[in-house]
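For the numbers below, each heavy atom of this structure counts, side chains included, while hydrogens, waters and symmetry mates do not. Chain naming here is simple, since letters A, B, ... match the order of the sequence lines and numbering starts at 1 in each.
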Amino acid sequence: MVASYTRRTLLTVICEASIEARVVADARRLGAHGYTATEARGGGQHGERDGHWPMSGNVRIEILCEAAVADAIALHLQTSYFATYAMVCYLSDVSVLRSNKF
Amino acid sequence: MVASYTRRTLLTVICEASIEARVVADARRLGAHGYTATEARGGGQHGERDGHWPMSGNVRIEILCEAAVADAIALHLQTSYFATYAMVCYLSDVSVLRSNKF
Amino acid sequence: MVASYTRRTLLTVICEASIEARVVADARRLGAHGYTATEARGGGQHGERDGHWPMSGNVRIEILCEAAVADAIALHLQTSYFATYAMVCYLSDVSVLRSNKF
């Protein structure tokens, strides 16, 4: 018996904890079947002033899904949140077991 | 001097915190040399009813190892835990430094 | 409208929490624009004795950056910390939105 893998996309979103529930609800509506969240903090840049901008009270959300679903969620986040919220979003290719769940 | 990378597999397991010690012990026995754990929470599907199934008190375990070891661990998790426990398992390819450790 | 991705490198560093500030400062100086940190714990090997070496009070730092910046940071970590500190460092390829930020 061997492990049987399927390719899926892992979408990682880092954002303010205050919008976690909205992001997760959006992702479910666009086809995600589940998510994993961990508490995070960090720092980045802020606009023209390029100052260091602390981000405590952040959350790191991982969504394992089909590539087309990841694209739809990423596009939605870009159009709905990027202008207003601090948000980092990246995708990577992974191999999953139990692909029927994702 | 340049950084010298070796390809390894990053195996990520998300499961109930109550079985973390068993999963880590299994992984060690199958060849893993170390692991990293972070507290996590999330939600997924549950069987035929497709209800939203909250998963608090979860843990996200990362194991960096050779591809064959990752396969052995993934197969073991599939046969030993998938029927009974909520568990997500995925693999990705990464480049590591200090490959002698993994 | 479609999501527009750019390839970047995700550098993950797992180390003692006591050196987080130094590692982040080094990464910024070498070109990183931001980072995400999560609390972590784990275990690995320790030198010749191969004993199990608990690592509580650890931190998992993620830095999203250009490949050349990731290489520079990885090399710096290798030469500055590996001999003295418990540190795991790995790189993966990801697709990002808002590439101007990374």
* To do: Quick one: which residue pairs count as a salt bridge (Lys or Arg N to Asp or Glu O under 4.0 Å) with a foot in residues 29-40 of chain B, not counting sequence neighbours?
  => Asp26(B)-Arg29(B), Glu39(B)-Arg41(C)
* Asked: Can you tell me how far the CG atom of Leu64(A) sits from the OH atom of Tyr90(B), to the nearest 0.5 Å?
  -> 6.5 Å
* Among Ile61(A), Val24(A), Thr38(A), which residue forms the greatest number of heavy-atom pairs with chain B at distances under 4.5 Å? -> Thr38(A)
* Side chain to side chain, Ile14(B) and Glu62(A), heavy atoms closer than 4.5 Å -> yes
* Inter-residue atom distance Leu97(A).CG - Leu77(B).CG, 0.5 Å rounding -> 8.0 Å
* Which atom pair, heavy atoms only, marks the closest approach of Tyr5(A) to Ala70(B)? -> OH-O, 4.3 Å
